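Have a look at the structure below before the remarks.
Values in this document were obtained by computation on a predicted structure and should not be read as measured data. Side chains are part of it too, since the values below use all heavy atoms of this structure and drop only hydrogens, waters and symmetry mates.
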Amino acid sequence: MAKQMSSYKKNNSKQVCNKNCMQKRRQAEQAQNALEQFFNHTLNPWQISDNSQWLEPNIEVSENAKSIQVSAELPGMAPQDIQVDVSQDGYLTISGEKHHQTEETDEQTGAYFSERSYGMIQRTVPLPTDLNYDKTSANFENGVLCINIPKTEAAARKVKRVAVQGK
């Protein structure tokens, strides 16, 4: 009976060790996958929104006394693939379709490489309502879309510069 107990404890401890090892291996694989996803996402100029299938380009919004400027990164796109809509209720929407295809063949080694990416893009930016939407202009150069929306005369006069004095 003592031999059977000793044999049972040995086998049982091996099973516990195997379970612990497998659990640690799974945790290491999950950590590696999380790191790969993080770095792949941060190095990718396109972001995929969690709640939709649209690709969201990175944007920059700035303002000066006369206008609002919006810049969007749209690498690999052509001007005819981009649509810009400005609504009177204060929304700017950039949309379009991204096409990209690369193929490389090396005759000497027989290697073949193909990379494709495509998808619909859309990004909506809320804007102040006191802008002159009729005079909006857009320029696309080197994969960057620049949109300029001038402020109305009334909006430009709303800002008053206040002198700051020290003691």
ask   = Do V61 and I82 belong to the same hydrophobic cluster, where Ile, Leu, Val, Met, Phe, Trp and Tyr are linked whenever their side-chain heavy atoms lie under 4.5 Å apart, directly or via other members?
value = yes
inquiry  = If we check side-chain contact (heavy atoms from CB on, under 4.5 Å) with L145, which of these qualifies: I59, V70, V84?
reply    = V84
key: Within-4.5 Å side-chain heavy-atom neighbours: D134 and Q88   = yes
query = Just checking, any donor-acceptor pair under 3.5 angstrom between side chains of Q69 and S71?
reply = no
remark   = When L92, V86, I149, T136 are each screened for side-chain contact (heavy atoms from CB on, under 4.5 Å) with L131, the one that passes is I149
task = Heavy atoms only: give me the nearest N64-K66 pair and the separation to one decimal.
result = OD1-N, 2.8 Å
inquiry  = Within this structure, what is the CD-CD distance for the pair E56 and E73, rounded to the nearest 0.5 Å?
reply    = 13.5 Å
Which atom of P57 lies closest to which atom of R123, heavy atoms considered = O-NH1, 2.8 Å
query = Can you name the nearest heavy-atom pair linking L127 to Y91, along with the distance?
reply = CD1-C, 4.3 Å
ask   = Are any non-hydrogen side-chain atoms of I147 and I94 less than 4.5 angstrom apart?
value = yes
ask   = Which pair of heavy atoms, one from P79 and one from F140, lies closest together, and at what distance?
value = CG-CD2, 3.6 Å
